[in-house]
Each structure stands twice: as C-alpha cells, then as structure tokens.
Amino acid sequence: MKGLLISALISSTILGATASISNAQIPSAPRVNIQMEDGVPSIPGMDFSDEQKEKLKELNQEVRSRMSEILTSEQQDDLRASVKLGDDPQEAIKTLDLSNEQKKNLKKVQKWQRKQLFSILNNQQKRKIMLVRLRLGGGSRFNIGGK
C-alpha cells in the first residue's frame, strides 16, 4: 500500500507536476503510469544499474519517511486510496485539505527528492525523461539539473 503512494510520488517527480496539467490541457496526451518493481521505477526503455537501483530504493524509503512526518494518518490513507483508484497524485494531494505548513513542507520534500533523483540518473536517462516530458507537453519547464 505504501509502495503505491511512493510510486505515484516518484512518477510525478520524474515527470514533473506539469505532466498532469498537460494531460488536462491536451486531451490526446497519454497518461503516464510508472510502476514500481521492488522499490525501483519501471520506465519503458530505461535500465538502471544495480547501484542506481539501490540508491532509488533508499530514496524511496527516505521519501516515505519524510511524507509520513508531514501528512496525518488520515491524509496518507486518503492519498493512497485516491492513487489506488488511478487519480493523478498531484491532483489527489490537492484534495487533502493541507495546511499552509504542510504544503510548504511537501514542496521542500519534492524539491529535495527531485535533486536526489537527478543525482542518481546518468545523462542518457535524463534525456529519456526529457523526451517523455516533451511528448506530454511539459518539456519547457523541465530542468535536467533537477533544481
């Protein structure tokens, strides 16, 4: 159950929050659903080294820990339920009635997670993600440096 939430958060971090906005603005844009396999995102055409897989698992665990410190148990349950039903993670988070402090802390976690994620990826993997984002219409806001 927790893996589903983290899977959704990692996929939204990898592709950026603008991917969901792009889908809303461009009806023909395909919905991207990145599955997790043993704590590592499974992205078609992208292979991770054993070292990258280990780092991604560690990142996954740290994000889970940080999220559990920010969201109440009820909010975590609501978010998991929404994501399990197929709702976009970014949109599901918006429905949680977060305090301003929670919103600020979630943005910090997402920024930190993106920075960590891009420090794990090699240049070829970053380019592949950029190509996916361009196809979704969100490429202009993509930052390969993860900042």
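These figures come from a predicted structure and were not determined experimentally.
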With sequence neighbours excluded, residues passing side-chain hydrogen bond (donor to acceptor under 3.5 Å, both in side chains) with [X]:
X	value
Thr95	none
Lys128	none
Glu74	none

* **Partners passing side chain to side chain contact (heavy atoms under 4.5 Å, CB included) against Gln116 (at least two apart in sequence or in another chain)** => Leu59, Trp112, Ser119

* Asked: Partners of Asn122 by side chain to side chain contact (heavy atoms under 4.5 Å, CB included), sequence neighbours excluded?
  -> Gln52, Gln124, Gln125

Atom pair [atom1] ([X]) and [atom2] ([Y]), whose distance is rounded to the nearest 0.5 Å:
X	Y	atom1	atom2	result
Glu54	Asp50	CD	CG	9.0 Å
Leu96	Gln76	CG	CD	10.0 Å
Asp97	Gln75	CG	CD	7.5 Å
Ser99	Asn105	OG	CG	8.0 Å
Met67	Gln113	CE	CD	8.5 Å

Is there a side-chain contact between [X] and [Y], using heavy atoms and a 4.5 Å cut-off?
X	Y	result
Phe48	Ile120	no
Leu56	Leu117	yes
Leu71	Leu106	yes
Asp88	Val83	no

* **Closest non-hydrogen atom pair, Thr72 against Gln102** => N-NE2, 4.1 Å

* Asked: With sequence neighbours left out, which residue pairs that include part of residues 99-109 fulfil the salt bridge (charged side-chain N to carboxylate O under 4.0 Å, His left out) condition?
  -> Glu101-Lys104

* To do: Give a yes or no answer on whether the side chain of Ser65 reaches the backbone of Gln61 with a donor-acceptor pair at less than 3.5 Å.
  =>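 Between the backbone of Gln61 and the side chain of Ser65 there is no qualifying donor-acceptor contact (under 3.5 Å).
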
* To do: For Glu62, check salt bridge (charged side-chain N to carboxylate O under 4.0 Å, His left out) against everything at least two apart and list the hits.
  => Arg66

* Name all residues meeting the salt bridge (charged side-chain N to carboxylate O under 4.0 Å, His left out) criterion together with Lys55; count only those two or more places apart in sequence or in a different chain, and write none if there are none. =>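 By the salt bridge (charged side-chain N to carboxylate O under 4.0 Å, His left out) rule, Lys55 matches Glu51.
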
